[in-house]
Structures are given as C-alpha cells and as structure tokens.
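In what follows, chains are A, B, ... by sequence order, proteins preceding strands, each numbered from 1. All heavy atoms count here, side chains included; hydrogens, waters and symmetry mates do not.
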Amino acid sequence: MTEENHDENKLIAQRREKLTAIRAKRVAFPNSFIKEDTSSDLIEKYDSKTKEELETLAVTAVIAGRIIRMRGPFVVLQDGNGQMQIYINNKSFLEEQAEEIKSFDLGDIIGVHGEMFKTGKGELTLRASRFELLTKSLRPLPDKHKGLTDTEMRYRQRYVDLIVNEQSRKIFQTRSRIMRFIRQYFESLDFMEVETPMMQVIPGGATARPFITHHNALDQEMFLRVAPELFLKRLVVGGFERVFELNRNFRNEGLSTRHNPEFTMLEFYQAYARYQDLMDLTEDLFRKIAIDIGGSSKVSFQGSEYDFAEPFARLSVTDSIKKYCSVADDAVFASAESVAALANSLDVNFDQNWSKGKVLMEIFDQKVEAQIDQPTFITEYPIEVSPLARRNEENPEITDRFELIIGGRELANGFSELNDPEDQAERFKEQVAQKDSGDSEAMHFDHDYVTALEYGMPPTAGEGIGIDRLVMLFTDSASIKDVLLFPHMRPQQDPT
RNA sequence: GGGGCGUUAGCUCAGUCGGUAGAGCAGUUGGCUUUUAACCAAUUGGUCGUGCGUUCAAGUCGCACACGCCCCA
C-alpha cells in the first residue's frame with residue numbers, strides 16, 4: 001500500500017476534485033486576505049445591541065475561519081477565539097459565486113466581508129457581501145455533534161481533536177494560562193528564570209533511568225536530563241539566590257495515565273530558605289492558581305473537592321503509615337527487621353536486600369499514597385532515598401524533605417538542600433554502589449557538583465512541581481495524555 | 001509483566017441463536033432560503049483491526065498478534 005492512496009476514500013477524492021477545479025481557475029491557497037476582526041471581539045462589541053441598533057450602526061466586519069456548520073444559507077465559522085455565524089445566501093450572488101458557495105465543505109477555511117446584523121431569532125450574524133475560499137479542506141471532519149471521541153485518534157491526530165472538541169481546546173488554553181501564571185508568580189518573588197542543559201554528560205538530580213544519546217563530533221555518550229536540579233544548585237553557588245526553570249525532563253520509564261517519557265517540571269531554588277518555607281509557598285501558589293484559573297479556591301478533581309484556601313495537612317512518612325495501615329506504635333519503625341516484617345504483613349513487594357528506608361518508602365508507595373486524597377505534605381523522608389537532601393539535625397536517618405500528595409498523586413517534591421560537600425560525596429558513593437549492584441535508576445557520582453559545593457552553597461531550599469499533573473488537577477483530567485498536546489504513543493501498525 | 005474491555009462506512013454507534021452488513025451524521029443530486037443538531041425528497045458509501053482455525057456457512061465461536069482504554073504489579 002503506497003502512502004498516496006493510504007486511507008484515501010471517496011469523500012477525499014471528491015474534495016480533491018474540487019481543489020483541482022480551483023487550481024485551474026486561480027491561486028488555490030491565497031495568502032493575501034487581510035483579516036480585521038475576530039468572532040469574540042465582534043460578539044463582545046455588538047451582541048448586546050438590538051436588531052434595530054445594529055441596522056442603524058451598519059457595522060462592517062472582515063473575518064476568517066473554518067466552516068464548522070452549515071444550516072441552509074447560514075454558515076458557522078470558527079476562528080481562534082470563538083465562532084461567528086455568517087449569512088451567505090447563494091441566491092443573492094452571481095451564478096459563478098453561487099456555485100462556489102454550494103461547493104463549500106465543512107472544514108474549509110474562508111474569509112468574509114460583510115455587515116453585522118441580527119437574525120429573526122436574535123443571533124448576531126455577519127451578512128456576507130464578499131467571500132473568498134482561503135484553504136480547501138480535503139478531509140471530512142468527525143461527527144458534528146459528538147466530535148472525535150476515539151481516545152486514540154484524539155491523541156494521534158490532536159489537530160482534529162482541537163478543531164472539533166471545545167473541551168480539548170480549553171484544557172490547553174488553561175495549561176498555557178497556568179504556565180504564564182507560574183512565571184509571573186516566581187518573577188514577582190524575585191526569582192530568575194534560567195535554562196540549564198537538557199543534554200548532560202552525567203545525568204543527575206533524580207533517581208530515574210535516562211535516555212541515552214550520542215554526540216558525534218565529541219564522540220561522547222550523552223544523556224537527556226532526568227532533572228535540572230544539580231545545575232540549578234550550581235547557579236545558587238554562583239550567587240543567583242533565587243532561580244527557577246520550567247521545562248522538560250526525560251525519563252526512560254513506562255507509560256501510564258500519570259507518566260509520559262517527557263514531561264514538564266517546575267524546579268525552583270531559594271537561598272536562605274528552609275523546606276518549611278517552600279511548603280508555605282506551595283500552599284500559596286496552589287491557592288492562587290486555583291483562583292486565577294477557576295475564580296475560586298475550590299477545585300473539583302475526579303469526584304473529589306479540594307479547597308486550597310485551607311492549610312494542607314502535614315504528616316511524616318511513618319505517621320502516614322500508622323494512619324493508613326493501622327499500625328499501632330512507632331516500635332515497628334525501629335529496626336530494618338521490624339520494617340521488613342511490617343512490609344510482609346502488609347503484602348508489600350520488596351527486595352530483601354533493600355535498606356530500611358527504601359522498604360519504608362515501598363510501603364508508603366504501595367499502601368499509603370493512593371489513599372491520601374486531600375492535599376497533604378508528607379515529611380521526614382529516609383536518607384537512603386534522598387541523596388540530595390539535607391540531613392535532619394535531630395534524626396540522622398531522615399531528611400528535611402517533603403512531598404505533596406493530592407488525590408493519591410505526587411504533585412511536588414522539595415527539601416532543604418544538602419550543602420555539605422563531604423556528606424554529598426558520601427551520598428554519591430552510596431548511589432554508585434547501588435548502581436553497581438544493578439539499580440539502573442541510581443545516580444552517578446558528579447565530581448564537578450561536589451566541587452561546586454566545596455566552593456560553598458548557601459543554605460538553600462528547593463522544590464520540583466510536576467506541571468502535567470498540576471494541569472491535570474486544575475482541568476479535572478484523568479490521564480496525563482489529556483494535558484499533553486502530543487502524548488507519546490506506540491507507532492501504528494503498518495497495514496502492509 | 002498480569003487481568004478485563006474495546007477495534008464494524010469519513011465520524012458516532014447498532015448488529016439477536018453462526019445463515020446475503022444496519023442507523024444517524026457527513027457526502028452526492030434536487031428542492032427550500034432569517035436557520036439554530038435547519039428542513040423535505042432521492043441516493044452513494046464496507047478487506048467488520050490483522051492472521052490462522054472450527055464450520056456447509058464466521059462481524060458473531062476459538063487461538064495468536066497489533067493498537068488503544070481501564071485496573072493491578
């Protein structure tokens with residue numbers, strides 16, 4: 001099967017014939033039409049006028065857009081901001097033009113000059129005096145009532161989804177608005193937006209498996225970043241005391257409703273702050289996003305309601321296990337043996353060689369996280385799973401770290417940064433030992449990062465917020481694919 | 001990795017007990033021309049995801065595979 005006739009059908013063939021006829025007469029894809037108005041502007045200005053007022057005003061307008069409905073002499077155009085009905089009665093045009101109007105198909109893009117009026121039923125409408133076909137659409141649009149519902153096609157052909165599904169357009173508009181709001185928020189707090197390498201020689205900043213690539217000129221193996229963390233902290237060493245980066249990370253892991261191989265992360269670092277300060281900042285940020293997006297501190301998500309005006313719960317890892325796994329007292333957390341016994345009794349899958357802290361987190365991940373619905377900061381993460389976080393002064397087994405859980409999903413991860421270069425070197429060594437024993441997610445030893453710390457990093461707190469999951473939360477989306485314009489999909493089967 | 005569900009016209013979906021493939025929308029032709037999921041009449045359109053198998057006969061039953069969705073790990 002050749003590409004040329006692949007998925008061709010009669011409907012497309014008919015439209016191609018129309019295009020061929022157009023080509024024979026004139027420039028088929030003109031670029032000279034000057035659009036002067038948008039549907040949303042016209043509605044804002046004139047929808048409140050009466051039929052009589054509009055007749056007196058005799059407003060002319062020039063708009064362009066895609067034909068998404070045809071009802072007798074009425075045509076609905078969709079442009080970047082909304083929709084406008086056009087009255088384009090072929091009886092009132094000369095024969096050649098009347099034929100052209102008849103040949104219009106749903107999906108065609110036209111430009112129209114005319115005068116604004118209101119129909120008998122009171123709908124604001126543009127009466128066409130001149131029109132021009134700007135782009136012939138060769139492919140039929142999905143069902144005009146139900147849109148495109150096939151989830152696979154919505155993801156694979158997002159452009160079609162965006163044409164016909166208003167809800168989908170809204171999600172990505174909201175996403176853009178959230179991104180803009182976050183930038184404004186951090187700039188208002190004197191943070192500086194920076195860009196650090198996405199291609200790294202030593203992948204660092206998170207325990208995750210990286211994508212590997214190769215630089216030909218340097219003949220060097222390189223990694224797509226799993227996190228920008230170590231570079232952002234180098235900038236704090238350099239004296240930029242408040243920095244943030246809002247961009248893509250890449251992790252070579254499975255796909256799910258919460259995971260895409262490339263995803264957007266906000267990371268920010270604030271010198272002379274503590275992790276508690278960032279929990280406060282996070283509450284404030286979520287509250288303000290909710291109000292900016294929905295006009296209220298309350299957000300509905302997958303059947304739950306969250307009020308971001310309320311302070312978030314704060315609970316240590318061990319306390320959360322006690323609460324959600326019916327553990328009576330702290331004695332079980334005392335030794336590695338008792339924690340392993342607890343994991344076994346709770347039916348948690350884990351490796352017998354794992355450390356106490358790692359087993360503890362496995363219990364949390366498998367048995368606790370999904371149960372936490374209302375916004376909750378989980379704190380006091382074990383040191384073994386937090387190789388870049390500051391050790392707690394009272395309890396050397398834990399770090400000054402938190403994660404934010406909402407609706408059973410991890411939204412954010414932050415901590416007071418480890419700025420002791422000797423402790424950091426030791427932590428890297430432990431990571432390398434784990435990597436050597438087969439853990440593909442363990443970190444590399446980053447000597448230059450330790451060197452940077454040796455120059456001195458001020459006490460600092462930093463945090464990462466998963467933007468895709470944040471957008472899911474604020475758009476009530478069940479799958480990460482719903483908030484990614486072009487989610488990763490397996491290639492379609494070749495029909496040959 | 002395991003389990004469940006799905007894949008039928010361009011789109012949205014029916015398809016009974018295994019017995020010649022259906023509707024709405026879109027399209028085409030004509031009518032109507034201030035409509036609102038416009039309307040009226042006629043009409044075109046199918047490798048039923050792919051491949052094997054069972055059967056006189058498979059969209060339908062079985063197996064395998066592909067892709068997707070959901071759940072579990």
Visitor: For B:U35, does the base pair up with any side-chain atom of A:Gln85 as donor and acceptor (N or O, under 3.5 Å, distance only)?
Guide: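 Looking at the base of B:U35, it does pair with a donor or acceptor on the side chain of A:Gln85 (distance under 3.5 Å).
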Visitor: For B:G24 versus B:A14, give the span between their C1' atoms, rounded off to a whole number of Å.
Guide: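 One C1' to the other, the span is 11 Å.
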Visitor: N/O contacts under 3.5 Å, protein versus nucleotides 29-33 of chain B?
Guide:
unit_1	atom_1	unit_2	atom_2	d
B:U33	O2'	A:Asn89	ND2	2.5
B:U33	O2	A:Pro73	N	3.4
B:U33	O4	A:Lys91	NZ	2.9

Visitor: Starting at the 5' end of RNA chain B, what dot-bracket string do you get if Watson-Crick and G-U pairs under 3.5 Å are bracketed, crossing pairs use [ ], other-strand pairs use | and unpaired bases use dots?
Guide: (((((((..((((.....[..)))).(((((.......))))).....(((((..]....)))))))))))).
Visitor: For nucleotides 2-11 of chain B, read 5' to 3', which letter fits each nucleotide if B means a protein heavy atom sits under 4.0 Å from the base, S means only the sugar-phosphate is that close, and - means neither?
Guide: --------BB
Visitor: Expressed as a whole number of Å, how far does the C1' atom of B:C48 sit from that of B:G10?
Guide: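 Roughly 16 Å separates the two C1' atoms.
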Visitor: Any side-chain donor-acceptor pair under 3.5 Å between A:Glu463 and A:Asn413?
Guide: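 Checked: A:Glu463/A:Asn413 side chains show no N/O donor-acceptor pair below 3.5 Å.
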Visitor: Looking only at atom P, what distance separates B:G59 and B:U7, rounded to whole Å?
Guide: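 To the nearest whole Å, 15 Å.
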Visitor: Any base atoms under 4.0 Å from A:Tyr155, or only sugar-phosphate, or nothing? Heavy atoms, all strands.
Guide: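 The answer is sugar-phosphate, as A:Tyr155 gets under 4.0 Å only of primed atoms, P, OP1 or OP2.
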Visitor: Taking A:Glu384 for its side chain and A:Ile398 for its backbone only, find out whether a donor-acceptor pair lies under 3.5 Å.
Guide: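 Checked: no pair found.
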Visitor: From NE2 of A:His259 over to P of B:G1, roughly how many Å is that when rounded to an integer?
Guide: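 Taking NE2 of A:His259 and P of B:G1, I get 16 Å after rounding.
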Visitor: In whole angstrom, give me the gap between the P atoms of B:C61 and B:C67.
Guide: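 Straight-line distance between the two P atoms is 23 Å.
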Visitor: Check the distance between B:U36's C1' and A:Gln83's CD and give it to me in whole angstrom.
Guide: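 Those two atoms, CD and C1', are 12 Å apart.
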Visitor: Mark yes or no for whether A:Lys144, through its side chain, and A:Val164, through its backbone, hold a donor-acceptor pair below 3.5 Å.
Guide: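 No, A:Lys144 side chain to A:Val164 backbone: no donor-acceptor pair under 3.5 Å.
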Visitor: Once you round it to whole Å, what is the distance between P of B:C72 and CD of A:Glu369?
Guide: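 Spelled out: CD on A:Glu369 to P on B:C72 is 13 Å.
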Visitor: Pick base, sugar-phosphate or nothing for A:Lys51, based on heavy-atom distances below 4.0 Å to the nucleic acid.
Guide: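 The residue A:Lys51 makes no contact with any strand.
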Visitor: Quote, to the nearest angstrom, the P distance that separates B:A26 from B:G19.
Guide: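 Approximately 32 Å lies between the P atom of B:A26 and that of B:G19.
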Visitor: Can you find a side-chain donor-acceptor pair between A:Asp79 and A:Ser39 that sits under 3.5 Å?
Guide: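 Yes, because at least one side-chain N or O of A:Asp79 sits under 3.5 Å from a partner of the opposite role on A:Ser39.
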Visitor: Closer than 3.5 angstrom, by distance alone: can the side chain of A:Arg169 be matched with the main-chain N or O of A:Ile163 as a donor-acceptor pair?
Guide: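 Yes, A:Arg169 side chain to A:Ile163 backbone: donor-acceptor pair under 3.5 Å.
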Visitor: Looking across every strand, which nucleic acid part, if any, lies under 4.0 Å from A:Ser92 by heavy atom: base, sugar-phosphate, or nothing?
Guide: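 The answer is nothing, as A:Ser92 stays clear of every strand by at least 4.0 Å.
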Visitor: Find the distance A:Glu123:CD to B:U36:P and express it as a whole number of Å.
Guide: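 In whole Å, B:U36 P lies 11 Å from A:Glu123 CD.
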Visitor: Step by step, would you call A:Thr376 with A:Phe402 a side-chain contact (heavy atoms from CB on, under 4.5 Å)?
Guide: CA-CA 10 Å; A:Thr376 303; A:Phe402 67 90; over 6 Å; no
Visitor: Please measure how far the P atom in B:G51 lies from the corresponding atom in B:U8, and state the result in whole Å.
Guide: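 Each nucleotide's P atom is 15 Å from the other's.
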Visitor: Does the side chain of A:Asp161 pick up a donor-acceptor pair with the side chain of A:Tyr155 at under 3.5 Å?
Guide: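 No - no donor-acceptor pair under 3.5 Å links their side chains.
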Visitor: Whole-Å distance between B:A26 C1' and A:Ile12 CD1?
Guide: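 For the pair A:Ile12 CD1 and B:A26 C1', the rounded distance is 13 Å.
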Visitor: If each of A:Arg490 and A:Thr125 is mapped to the nucleotide of RNA chain B with the nearest heavy atom, which maps nearer the 5' terminus, i.e. the 5' end?
Guide: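 On the 5' side of the pair lies A:Thr125.
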Visitor: For atom P, what is the distance between B:G53 and B:A58, given to the nearest Å?
Guide: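 To the nearest whole Å, 12 Å.
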Visitor: With distance as the sole test, does A:Asp476 use its side chain to make a donor-acceptor pair with the main-chain N or O of A:Gln302 at under 3.5 Å?
Guide: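 Yes; judged by distance alone, with no hydrogens or angles, the pair exists.
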Visitor: If we take the C1' atom in both B:A9 and B:U47, what is their distance in whole Å?
Guide: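 So the two C1' atoms sit 13 Å from each other.
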Visitor: Rounding to an integer number of Å, can you tell me how far A:Lys481 NZ sits from B:G68 P?
Guide: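 The distance from NZ of A:Lys481 to P of B:G68 comes to 7 Å, rounded to the nearest Å.
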Visitor: Categorize A:Arg156 for me: base, sugar-phosphate, or nothing, with a 4.0 angstrom heavy-atom threshold over every strand shown.
Guide: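 Here A:Arg156 touches the backbone only, sparing every base.
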Visitor: Please evaluate residues A:Asp37 and A:Met116 with respect to the criterion side-chain contact (heavy atoms from CB on, under 4.5 Å), reporting the C-alpha separation (whole Å), side-chain torsions for both, the decisive distance (0.1 Å), and the verdict.
Guide: CA-CA 12 Å; A:Asp37 302 289; A:Met116 302 305 302; over 6 Å; no
Visitor: Are OP1 or OP2 of B:A38 and a side-chain N or O of A:Arg71 less than 4.0 angstrom apart?
Guide: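 So the side-chain polar atoms of A:Arg71 do come within 4.0 Å of the phosphate oxygens OP1 or OP2 of B:A38, strictly under.
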Visitor: Just do the salt bridge (charged side-chain N to carboxylate O under 4.0 Å, His left out) check on A:Arg26 and A:Glu100 with the steps written out, would you?
Guide: CA-CA 13 Å; A:Arg26 58 164 186 274; A:Glu100 179 160 1; 2.9 Å; yes
Visitor: Under the criterion salt bridge (charged side-chain N to carboxylate O under 4.0 Å, His left out), I'd like the reasoning laid out for A:Arg248 against A:Glu262: C-alpha separation, chi angles, the key distance, then a yes or no.
Guide: CA-CA 6 Å; A:Arg248 223 66 65 82; A:Glu262 54 178 305; 2.6 Å; yes
Visitor: Pair A:Asp347, A:Lys367 - check salt bridge (charged side-chain N to carboxylate O under 4.0 Å, His left out), show working.
Guide: CA-CA 9 Å; A:Asp347 245 355; A:Lys367 297 294 167 188; 6.0 Å; no
Visitor: Verify salt bridge (charged side-chain N to carboxylate O under 4.0 Å, His left out) between A:Lys102 and A:Glu99, making sure each step is shown before the conclusion.
Guide: CA-CA 5 Å; A:Lys102 278 198 227 169; A:Glu99 284 304 312; 3.5 Å; yes
